[in-house]
Amino acid sequence: MKILDRYILTTYLKTFASVFIILMFIFVLQSIWLYISELAGKDLAFSVILKFLWFFAPKLIPMVLPLTILVASLMVFGNFAEKYEFAAMKSTGISLQRAMRSLMVFIIALAATAFLFSNNVIPYSEYKWQNLRRNIAQLSPSMVIAEGQFSQVGDDFNIKVDKKHGERDQYLDNVVIHKKNPKRPNNNNIVMIAEKGELIGEENSNTLTLLLKNVNYYEDIVPDKVSERDKLPFAKSFLDEYAINLDLTKFNDVDVDKENELNSHNMYQVHELVQEIDTLSRAFSTDISEFGNNMYYRTGIVKFNDEKVADTVAVENPSNVLELVNPVRKLEVVSMALNNVKGTLQSVDAKKNEFKVKIKRLNKHEIAFHEKFALAIACIILFFVGAPLGAIIRKGGMGLPMVIAIMLFLTYHFIGIFAKNSAEDGTLHPFIATWLSTAIMLPLSIWLTYRATTDQGVFDMDTFFQRIARLFGKKATDAAIVDGEEAVLLTQSEKALVLSRNDKQLIAIVKQTDGEPHSNEVLQAAKQQLKSKGYDLDSL
């Protein structure tokens, strides 16, 4: 490796490591605040909290790594351009692509490592994190009881609350409890609905009291006689207060390292995702086919395939189907038809919601499959966005480069989020949604690399305003390009013309080989620009 390659690579690696550590620290702190309610107030050992963060940290890599590459590239190449190190390289014949060669090898190797990390480490850490999170949640019944859904507490109770509040979430609003009968464990024979609830417990106690207020109590009674069961007897009562004692022995003896059976699209590797997607697709297609056949059979049309039935109901050009039915049974037939239609519509609505859930699950697996490859490609593309842009803006440090990098990354990140959310409900194809943000950044990286290679800025404001002035017929005022003690008086348009040209174009102006006539002032100004860049005018 040559000295220049070693110098550029070493500078980039130092900046990359510093930015990565800072960004990782910021995102980990954010995750602590995000999950503080699951960790606080449970007397967890410090090692358990560290383990929680250790397993959570790999999930942040797909967000931190591309941002780190973008920021580091902007800072390093902006610093090189600000200190005229690129100008020194160009004066010796070293182009921008040649200066980026060692970093290209590093970025490609980093992209391959990111794919392997996303395929192997992230699924394993996701499983361990979700497993640890479930075990920690069991340490506190108030954490087990989630808002807006039924949560199992112990072996006999399923509890749903609309809202929890209080310092420890001990106060509950609109409590619904399904209690199992020990004699009939497969059925929820008791239902309690309370306006308010409160969790009351003492320190070091294995019993927690759930105090309910204004309780409506319903219980299904199962008679011993079979003939009485058809009457569906039940008991109903109203209670001002009702206390339920919950056994916390299982909560206090939770093993946070216990392995649970978990299944999520984020826990699969590429080959596992391929198999799972194929399985889900086949199952979904089978469900649709079976539901269609079921709806067809429910119409009763199949019965008309029987010749005897067909001969019985045959009639020449019936103006009304009810003419086939005995007048006494017409009302009964209409009622049965309406009930069948209502039942069919209910089945269709229920299946529609079920299919939405299955489509969303299938799309999530496809998104997870493409994300593993998109991360690697995004690392390469964002490098070719940050490095040329840093060379163009010619500003290093943590100021302007950081602002530009955050703006670009937020654009990239939010486009990806919106696209993936649209893909989950089937609005976008998962492939398009996953690669959309990367595809948008690809032409930007090509354009910036071309502009930086040809020594052009992102946007030439002088030329732009000069063209606007020409449209309104304004005359350009005189301007000067000064070189030492000499000054060349130019119009604004001539000055913009000289300053917007790269080295090759300036040489063509001096040699008068660009095919355009130029005034002596423009020729003199072009010579001054080349002289300031280290060119020998005599050799030209």
Side-chain angles (χ1 to χ4, degrees), residues 17 20-65 68 116-155 157-159 161 164-172 198-210 245-269 368:
F20 182 82
I21 293 172
I22 293 172
L23 292 177
M24 199 68 185
F25 180 73
I26 293 174
F27 280 93
V28 168
L29 283 181
Q30 181 190 16
S31 66
I32 292 177
W33 289 112
L34 189 63
Y35 297 101
I36 189 67
S37 59
E38 300 185 17
L39 302 175
K42 296 189 177 182
D43 296 328
L44 295 176
F46 186 68
S47 59
V48 176
I49 297 177
L50 288 180
K51 187 182 294 185
F52 182 91
L53 297 177
W54 175 256
F55 290 140
F56 181 79
K59 293 181 60 176
L60 302 175
I61 295 298
M63 185 181 299
V64 174
L65 184 59
T68 302
L116 295 176
F117 187 90
S118 177
N119 188 47
N120 297 281
V121 179
I122 293 181
Y124 175 77
S125 66
E126 176 72 14
Y127 168 76
K128 300 295 289 186
W129 178 70
Q130 292 285 5
N131 184 78
L132 181 62
R133 186 184 179 190
R134 174 175 292 187
N135 293 334
I136 290 175
Q138 295 178 1
L139 294 173
S140 174
S142 63
M143 291 301 303
V144 175
I145 301 174
E147 294 181 352
Q149 65 184 43
F150 279 99
S151 306
Q152 184 172 353
V153 180
D155 296 329
F157 295 95
N158 286 301
I159 302 177
V161 299
K164 300 189 298 181
H165 53 93
E167 295 181 356
R168 303 183 306 277
D169 287 337
Q170 71 272 27
Y171 298 111
L172 313 175
E198 181 181 359
L199 294 170
I200 304 173
E202 297 181 0
E203 189 175 356
N204 299 325
S205 174
N206 287 331
T207 302
L208 181 70
T209 301
L210 174 58
N245 293 323
L246 303 174
D247 186 8
L248 299 183
T249 304
K250 293 184 178 181
F251 292 101
N252 294 333
D253 294 337
V254 171
D255 181 11
V256 294
D257 295 323
K258 177 185 175 182
E259 298 287 337
N260 299 298
E261 292 185 4
L262 300 174
N263 185 12
S264 173
H265 58 279
N266 292 325
M267 300 178 187
Y268 291 120
Q269 297 181 355

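With values rounded to the nearest 0.5 angstrom, Gln269 atom CD is found 10.5 Å from Leu116 atom CG. One finds the CD1 atom of Ile26 at 12.0 Å from the OG atom of Ser31 (value rounded to the nearest 0.5 Å).
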Decide yes or no on side-chain contact (heavy atoms from CB on, under 4.5 Å) for Ile61 and Val121, but give the supporting numbers first.
CA-CA 11 Å; Ile61 295 298; Val121 179; over 6 Å; no

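Tested against Trp129 for a ring pair (Phe, Tyr, Trp, His ring centres under 6.0 Å), the candidates Trp54, Phe56, Phe55 yield a single pass: Phe56. Partner of Leu23 under the side-chain contact (heavy atoms from CB on, under 4.5 Å) criterion, chosen from Leu65, Thr68, Val28: Thr68.
Of all heavy-atom pairs between Val64 and Met24, the closest is CG2-SD, 3.9 Å. When all heavy atoms are compared, the tightest approach of Tyr268 to Pro123 is O-CG, 3.5 Å. Taking each heavy atom of Ile159 and Leu210 in turn, the nearest pair found is CD1-CD2, 4.0 Å.
Using bins of under 30°, 30° to 60° and over 60° for the plane-to-plane angle, the ring pair Tyr171/His165 lands in the parallel bin.
In this structure, Phe150 places its CZ atom where more than 12 heavy-atom neighbours from other residues, nucleotides or ligands lie under 6.0 Å away.
Distance alone, capped at 3.5 Å, is enough to place a donor-acceptor pair between the Glu147 side chain and the Lys164 backbone.
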